[in-house]
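Residue numbers begin at 1 in each chain, while the letters A, B, ... track the order of the sequences.
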Amino acid sequence: MIDLKQLRDDPDRFKTGAQRKGVAVEIDRILELDAKRRAFQTEIDALRAEQNKLAKESGPKIGQLMGQIKKASGTEKDALEKQAAELRAAPARLKEKIQQLEQQSQGIEPDLNALLLQVPHPADPDVPVGKDASDNVQIRAWNPTGFDAAKGFQASKGFAPKTHIELMESLGLVDFERGVKIAGSRSYILKGAGMRLHQAVLRYAIDFIADKHGFTPVSVPVVVREECMVGTGFFPAGREQTYHIEESTRGGGYDMFLTGTGEVGLMGIHADEILDESQLPLKMATVSTCFRREAGAAGRDTAGLYRIHQFDKVEQVVICKADEAESRAWHKKMIAIVEELLQSLELPYRLLQCCTGDLGVKNADMVDIECWMPGRGDLDKSGRPTGAYGETHSASRLYDFQCRRLNMRYKGDSTEGKTVFCHSLNNTVAASPRILIPLVEMHQQADGSVRIPAALQPYMGGMEVICHA
RNA sequence: GGUGGGGUGGCCGAGCGGCUGAAGGCGCCGGUCUUGAAAACCGGUUGACCCGUCAGGGUCACGCGGGUUCGAAUCCCGCCCCCACCGCCA
């Protein structure tokens, strides 16, 4: 949610912001509705003030009259009753008028709110303007010693790589067919060392961020109320991407939604709270199962573990003071944490500065991290993939966009007694099984076995290599 | 699923038609006292919105929505949530 006051003060900023993100919104319509609503409010407030004044003035008089009426009789009583009725009439007229105005004013609000929720957060000026992911800009790339993603797998390792599908099926780590039997397309079963490797990465990632970087590990609900989805900025835009549990149609009070990321639960924790400045920054990490409908992705990445409906993800979230420099510093830090993790897993990766068209509505800035996946990319003459980067992480910087929607604020020395919306940021730590793709493809050996990087071995009961049974 | 109890400010907790934006306590902030601290005492301490250049003025909010009333935290209706006990399940 953007700040309506800011929109009022500088509508052009939001107009160009939306345009650069390729989002169509009716800013002028918002301004118009807002002006109307405020006019109504001013009028209603004035009438209420008058009503309150009258109630204070005539209230005691009415009380007095009522007392007299009880004792009186005949014409005297009639006269008193007439007086009382007159006193009551003025506030009653006001009340009627107020109700009329309120009705008109309330008619505006749903439209205004719906439109306001659609206004995207403008990208920061240093974010490159672009249409879609193809306009993203590489920041830097990293390779493990002895490997160069630019030259390809075979040039560095001396043999042609298998895809993660070939490797994992032949090693018995995955069963796609039966996964589909149970749950339909984009479903899978991990088994044996495949399942253990999945768990190992997740646990390693949680320990990594908690122990090395001081994030608080938390578990959060993955089935949440709609407010949580709206509050975190996933609704209304991303409604089609989420699984919807229609509890209300079967007698429940409200519907529920399956979260597509642990970010929703983490951000929801302190919704509607006023935090003390000394509590900030909040650094939290969670492992949660993530559910995505992948609506609109028909035909894309249909094979393998890349694009699936259900996966598990370790997610990091930082909630900090409303300070741009601090937000930017945390963004860098959260990216650095991932780089450190990927390096410890010996996985080549690159950082991409996302362009305005790829940011989504809620972000002011976003950096994607892509791991090199030998089994992706264009095919060579013999029909073998030549390798390509594939997105594994996404680091978002949102200013107060989410916290405003979630009503998450703080107070302290630096706020001069005011309550201020917090800033929030989030980044993946590790999402599995997608991270298993580069993991098995990069660490495959000529004989079709897969080497387990040293960092993960303790989480695999000391196993060093996954071999054929 | 059944029965009962309850949702009030940062927290605890009183109020149960006007004198209540809300007693009292805790916490927090400032002051007095003190070599310093503690204690004691004094004062302050909810949020959102609107109008206004400022000073300031106004409105709303006691779970949420509606109603009764000249006037609602207080009465009525609907909804949501929480707690306790029982049942059922893990």
Side-chain angles (χ1 to χ4, degrees), chain A residues 1-9 30-31 33-70 80-110 112-113 116 221 223-228 230-231 245 247-257 268-280 282 322 400 403-422:
Chain A
M1 175 96 73
I2 52 114
D3 186 356
L4 186 53
K5 278 193 203 123
Q6 283 177 21
L7 183 97
R8 228 180 268 154
D9 291 345
I30 293 176
L31 292 172
L33 291 175
D34 172 51
K36 262 194 201 167
R37 208 210 71 239
R38 270 155 55 223
F40 276 125
Q41 194 190 332
T42 309
E43 201 177 345
I44 291 168
D45 281 1
L47 290 173
R48 280 232 177 89
E50 204 182 328
Q51 193 192 21
N52 288 340
K53 210 175 105 198
L54 279 176
K56 272 216 178 85
E57 284 171 5
S58 51
K61 285 185 204 159
I62 292 170
Q64 242 175 20
L65 283 170
M66 295 309 279
Q68 289 173 19
I69 287 168
K70 263 190 200 158
L80 287 170
E81 270 172 355
K82 204 174 151 201
Q83 270 186 55
E86 272 165 20
L87 281 174
R88 284 198 187 104
R93 274 197 301 277
L94 276 177
K95 194 183 168 186
E96 205 175 307
K97 192 157 180 205
I98 289 169
Q99 274 179 339
Q100 269 176 22
L101 288 172
E102 265 180 342
Q103 232 168 32
Q104 291 179 61
S105 172
Q106 279 167 9
I108 294 173
E109 263 167 52
L112 182 59
N113 283 336
L116 205 54
V223 184
V224 303
R225 292 160 162 270
E226 183 162 7
E227 297 86 271
C228 233
V230 175
I245 303 170
E247 277 300 289
S248 59
T249 60
R250 37 190 317 223
Y254 46 88
D255 287 356
M256 306 289 282
F257 296 85
I269 294 174
H270 294 286
D272 291 317
E273 291 183 22
I274 299 175
L275 301 162
D276 190 273
E277 189 177 319
S278 63
Q279 293 173 262
L280 301 178
L282 293 173
D400 62 3
C403 294
R404 185 179 295 280
R405 290 187 181 216
L406 288 164
N407 197 25
M408 193 189 309
R409 296 166 293 171
Y410 73 99
K411 237 174 142 170
D413 294 338
S414 72
T415 67
E416 295 165 341
K418 288 197 172 359
T419 53
V420 178
F421 290 108
C422 307

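- Taking atom CG on A/Asn52 and atom C1' on B/A61, their separation rounds to 14 Å, with Å as the unit.
- Within the 4.0 angstrom heavy-atom criterion, only backbone atoms of the sugar-phosphate kind lie near A/Arg409; the bases stay farther away.
- Here the separation of B/U69 from B/U74, taken at their P atoms, is 16 Å to the nearest Å.
- A/Ile98 places its CD1 atom 15 Å from the P atom of B/U69, with the value rounded to the nearest Å.
- B/C75: Watson-Crick or G-U partner is B/G67, with both key distances under 3.5 Å.
- Across B/A73 and B/G18, the matching P atoms stand 10 Å from one another, rounded to whole Å.
- Spacing between B/G7 and B/C60 at atom P, rounded to whole Å, works out to 24 Å.
- B/A23 and B/C77 are spaced 31 Å apart, taking the C1' atom of each and rounding to whole Å.
- The separation between A/Asp276 atom CG and B/U46 atom P is 16 Å, rounded to whole Å.
- One finds a side-chain N or O of A/Lys411 lying less than 4.0 angstrom from the OP1 or OP2 phosphate oxygen of B/G47.
- Base pairing analysis places B/A14 opposite nothing; no Watson-Crick or G-U wobble pair with both distances below 3.5 Å involves it.
- To the nearest whole angstrom, the two P atoms, one in B/C50 and one in B/U8, are 28 Å apart.
- Distance noted for atom C1' between B/C70 and B/G78: 26 Å (whole Å).
- Counting any heavy atom pair closer than 4.0 Å across all strands shown, A/Arg8 reaches sugar-phosphate atoms only and no base atom.
- For B/A48, the OP1/OP2 oxygens have a side-chain nitrogen or oxygen of A/Thr419 closer than 4.0 Å.
- Between the P atom of B/C49 and the CZ atom of A/Arg48 lies a distance of 17 Å, rounded to the nearest Å.
- A/Arg37 contributes no side-chain N or O that, together with a main-chain N or O of A/Glu109, makes up a donor-acceptor pair within less than 3.5 Å.
- Here the shortest heavy-atom pairing between A/Gly231 and A/Leu406 reads O-CG, 3.4 Å.
- Of all nucleotides present, only B/G58 satisfies the Watson-Crick or G-U wobble test against B/C49, with each distance under 3.5 Å.
- A/Gln279 has its side chain out of reach of A/Glu273: every pair of non-hydrogen atoms, C-beta onward, lies at least 4.5 Å apart.
- OP1 and OP2 of B/U59 both lie 4.0 Å or more from every side-chain N or O belonging to A/Gln41.
- The CZ-C1' distance, from A/Arg225 to B/C64, rounds to 11 Å in whole Å.
- Within the 4.5 Å cutoff, the side chain of A/Asp45 has no heavy atoms near those of the A/Thr42 side chain.
- Side chains of A/Leu112 and A/Ile30 form a contact here, defined as non-hydrogen atoms less than 4.5 Å apart.
- Atom CD in A/Gln103 sits about 11 Å away from atom P in B/G66, given to the nearest Å.
- The gap from the C1' atom of B/G21 to that of B/A14 amounts to 15 Å, rounded to the nearest Å.
- A salt bridge does not link A/Asp9 to A/Lys5: none of the charged nitrogens lies less than 4.0 Å from a carboxylate oxygen.
- At whole-Å resolution of the value, NZ in A/Lys53 and P in B/U59 are 11 Å apart.
- Of the two residues near RNA chain B, A/Gln99 and A/Leu54, the one whose nearest nucleotide lies more 5' is A/Gln99.
- Across all strands shown, B/G1 pairs with B/C86; the Watson-Crick or G-U wobble distances both stay below 3.5 Å.
- Remark: B/A38 base-pairs with no nucleotide; criterion is Watson-Crick or G-U wobble with both hydrogen-bond distances under 3.5 Å.
- Proximity of A/Ile269 to A/Leu282: side-chain heavy atoms (C-beta onward) are nowhere separated by under 4.5 Å.
- As a whole-Å value, the separation of A/Glu50 CD from B/U59 C1' is 14 Å.
- For B/G43 and B/G52, the P atoms lie 38 Å apart once the distance is rounded to whole Å.
- Here the side chain of A/Arg38 is nearest to one of B/U59, B/C51, B/G71, namely B/C51.
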